[in-house]
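Scope of the values below: all heavy atoms of this structure, side chains included, with no hydrogens, waters or symmetry mates. All residue numbers refer to positions in the sequence shown, counting from 1. Keep in mind that what you see is a predicted model, and the values were worked out from it rather than measured.
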Amino acid sequence: MDRRAVAAVAALDDDARSALYAFVRAAESPVTREAAAEAVGISRKLAAFHLEKLVDAGLLVSGIEAVGVPRVGRTPKVYEPASSDLAVHVPPREPEVLAEILVEAVLTERGDERADQAVMRVARERGFAAGATERDRVRPGRIGSERALGLAGSLLEQHGFEPTRADAGLRLRNCPFHPHASKAPGLVCGLNHAFISGLLDGLQAEASVEAILAPTPGACCVRLQPR
């Protein structure tokens, strides 16, 4: 679970803070503490406290107001919405990753590819990149099945697959792309399999571990097992 996103949601569990955030989001230009305090009906000092909490949570960004004429005293601090999105999914979900893969597949589709083939290619490329990056980071050398399962499990945990050891391999208890998998199981399960196979390839672990399709109710359709 993304703890930063959880903290951001928790930061809004306050009437004044929620109202300040709504006011800043609705404004068409950066907002000063004075303007925010007046809009919500609280003191400037209290508004400053809550606005800084929203900055700490990643919901707002702050800066110094650009002015065209000299000012007496301090230049006022201003606030505007953060450009990044924050979301909480319980259990873990990654709909944005699924969307990114589908968009990239459409944009890079080759003349001899069907749409589903382009999706599988992009998913495998993304998995390979993740595995290769991790291999460059840990520099494990030649790896056997146990080391491969450990490295793959750590990466898959980051993506919300919830891996657990089972029958000498890894069972993935969660599908990050649910409920889309129930609407298009062939596409999403194939995408998962391509991503994880690419990840193993990037780790240079395909000689010792393989990803197999093994649909299980309530879990990911892919399992990892030693060859």
Side-chain angles (χ1 to χ4, degrees), residues 2 83-85 87 89 91-164 166 169-227:
D2 187 341
S83 59
S84 58
D85 296 325
H89 299 283
R93 301 285 186 243
E94 288 199 332
E96 66 283 354
V97 173
L98 178 61
E100 288 171 6
I101 290 173
L102 295 177
V103 169
E104 186 176 346
V106 170
L107 294 177
T108 65
E109 187 175 344
R110 299 164 184 170
D112 59 343
E113 281 183 322
R114 299 193 311 269
D116 60 332
Q117 291 173 329
V119 169
M120 302 312 159
R121 171 178 55 79
V122 172
R124 186 177 180 91
E125 289 171 352
R126 288 181 68 107
F128 181 90
T133 299
E134 181 67 2
R135 183 175 177 85
D136 288 343
R137 186 183 72 83
V138 300
R139 299 184 180 278
R142 186 175 180 180
I143 56 178
S145 60
E146 281 300 309
R147 180 66 164 146
L149 288 169
L151 291 173
S154 295
L155 286 173
L156 293 171
E157 179 70 34
Q158 294 173 27
H159 286 281
F161 284 95
E162 298 184 348
T164 185
L170 288 180
R171 180 170 64 89
L172 308 179
R173 295 173 296 164
N174 183 56
C175 174
F177 305 134
H178 185 81
H180 304 289
S182 61
K183 298 176 182 177
L187 179 67
V188 176
C189 289
L191 183 154
N192 273 334
H193 184 255
F195 175 83
I196 296 170
S197 295
L199 184 148
L200 293 175
D201 195 14
L203 286 171
Q204 297 181 21
E206 281 205 318
S208 56
V209 173
E210 64 178 337
I212 62 170
L213 281 170
T216 304
C220 177
C221 53
V222 180
R223 291 173 61 95
L224 277 67
Q225 65 182 30
R227 286 191 182 275

Listed once per pair and sorted, the salt bridge (Lys or Arg N to Asp or Glu O under 4.0 Å) pairs that draw on [range], sequence neighbours left out:
range            : answer
residues 178-192 : none
residues 169-178 : none
residues 205-215 : R124-E206, E210-R227

According to salt bridge (charged side-chain N to carboxylate O under 4.0 Å, His left out), who are the partners of [X], at least two apart in sequence or on a separate chain?
X    : result
R114 : D116
R142 : none
R137 : E134
E157 : none

>> Can you pull out every ring pair (Phe, Tyr, Trp, His ring centres under 6.0 Å) where at least one residue sits in residues 123-151? Sequence neighbours excluded, please.
In response: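 Every pair satisfying ring pair (Phe, Tyr, Trp, His ring centres under 6.0 Å) with a residue in residues 123-151: there are none.
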By side chain to side chain donor-acceptor pair (under 3.5 Å), which residues pair with [X], not counting sequence neighbours?
X    : answer
R126 : E100
T108 : R121
E146 : R165

>> Run the ring pair (Phe, Tyr, Trp, His ring centres under 6.0 Å) test against H159 and tell me which residues pass, sequence neighbours left out.
In response: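 Scan of H159 (ring pair (Phe, Tyr, Trp, His ring centres under 6.0 Å), adjacent residues dropped) gives F195.
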>> Among N174, I196, L155, L170, exactly one meets side-chain contact (heavy atoms from CB on, under 4.5 Å) together with F161. Which residue is that?
In response: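 Of the listed options, the one satisfying the test is I196.
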>> Less than 4.5 Å apart, side chain to side chain, heavy atoms only: is that true for P140 and L151?
In response: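 P140 vs L151: side chains touch.
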> Counting N and O atoms only, with roles assigned by atom type, does the side chain of S208 sit under 3.5 Å from a partner on the main chain of A205, one being a donor and the other an acceptor?
Replying inline: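 Answer holds: yes.
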